[in-house]
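The residues of the chain are indexed from 1 along the displayed sequence. Counting starts at 1 for both ligands and their atoms, in listed order.
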Amino acid sequence: MGIWEIIDFASLDGEIQELIKESAAVRENAYSPYSKFKVGAAVRCVDGSISRGCNVENASYPAGVCAEVTAIARAVSEGKRKFTALAVVADQENTSFTTPCGVCRQFMSEFDENMPIYLTRSDMKKVLRTKVNELLPLSPFRTNDTETS
Ligand code: THU
């Protein structure tokens, strides 16, 4: 895999399909009266459980949180810090994908820089697959002098 690739939902493992479906379901709970843009995320923990989250906006705009942060923060609150995959569902009016913002990339890299990321639209037909360290290369604390580029 390069930095990212686009694949068919139908070609994914059942566990990944389930993760994407969960992110689509929790997207319905998005609190986004300001942007009107609903996002759902779901992260698979190593114990097999799924933690879901949606974006939660605020009248003070910067206080809002993204779906990815909600999902990861919920898992960490339950004592889970190791993850195997994260899915994000959001709609675009065109054929592009919604990719995590810089803060979310930083938030994800804290826990697993190798984690696969699956981005899709609510029709769940095409999926963009990438990894945290492709979204945020050379993340802080993870690079040491024995590694090469
Ligand atoms: N948003 C997310 O929750 N995740 C993303 O990956 C992209 C953006 C939210 C933030 C804000 O509530 C709304 O979508 C519009 O940017």
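Protein heavy atom nearest atom 10 (C) of ligand 1, with residue, atom name and distance: Cys66 SG, 3.8 Å. Distance from atom 7 (C) of ligand 1 to its nearest protein heavy atom, with residue and atom name: Thr98 CG2, 3.7 Å. Closest to atom 16 (O) of ligand 1 among all protein heavy atoms lies Phe37 CD2, 4.5 Å. Among protein heavy atoms, atom 6 (O) of ligand 1 sits closest to Glu68 OE2, 2.5 Å.
There is no path of hydrophobic side-chain contacts, each under 4.5 Å, that joins Met115 to Val89. Under the 4.5 Å side-chain heavy-atom criterion for grouping Ile, Leu, Val, Met, Phe, Trp and Tyr, Trp4 is not connected to Leu136 through any hydrophobic cluster. Hydrophobic cluster membership is shared by Val39 and Val132, with clusters built from Ile, Leu, Val, Met, Phe, Trp and Tyr side chains linked at under 4.5 angstrom.
Polar contact with ligand 1: present for Asn55 (N/O pair, distance under 3.5 Å). By the 3.5 Å distance cut-off applied to N or O atoms, Ala67 is counted among the residues near ligand 1. By the 3.5 Å distance cut-off applied to N or O atoms, Glu57 is counted among the residues near ligand 1.
Every atom of ligand 1 with a heavy atom of Pro100 under 4.0 Å away is listed here by number and element: 6 (O). Below 4.0 Å from some heavy atom of Ser35 lie the following atoms of ligand 1, by number and element: 13 (C), 15 (C).
The pair Arg105-Glu68 fails the salt-bridge criterion, with no side-chain N (NZ, NE, NH1 or NH2) lying under 4.0 Å from an Asp/Glu carboxylate O. One finds no salt bridge joining Lys82 and Asp112 here, because no Lys/Arg side-chain nitrogen approaches an Asp/Glu carboxylate oxygen to under 4.0 Å.
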What's the verdict on salt bridge (charged side-chain N to carboxylate O under 4.0 Å, His left out) for Asp91 and Arg27, showing C-alpha distance, side-chain angles and the deciding distance? CA-CA 10 Å; Asp91 263 336; Arg27 177 173 171 268; 3.5 Å; yes

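Within the structure, ligand 1 lacks Cys104 among the residues with a heavy atom less than 4.0 angstrom away. Heavy-atom separations between Thr99 and ligand 1 include at least one value shorter than 4.0 Å.
Within the 4.5 Å cutoff, the side chain of Gln92 has no heavy atoms near those of the Phe97 side chain. Put simply, the side chain of Ile50 does not reach to within 4.5 Å of the side chain of Cys45, judged on heavy atoms.
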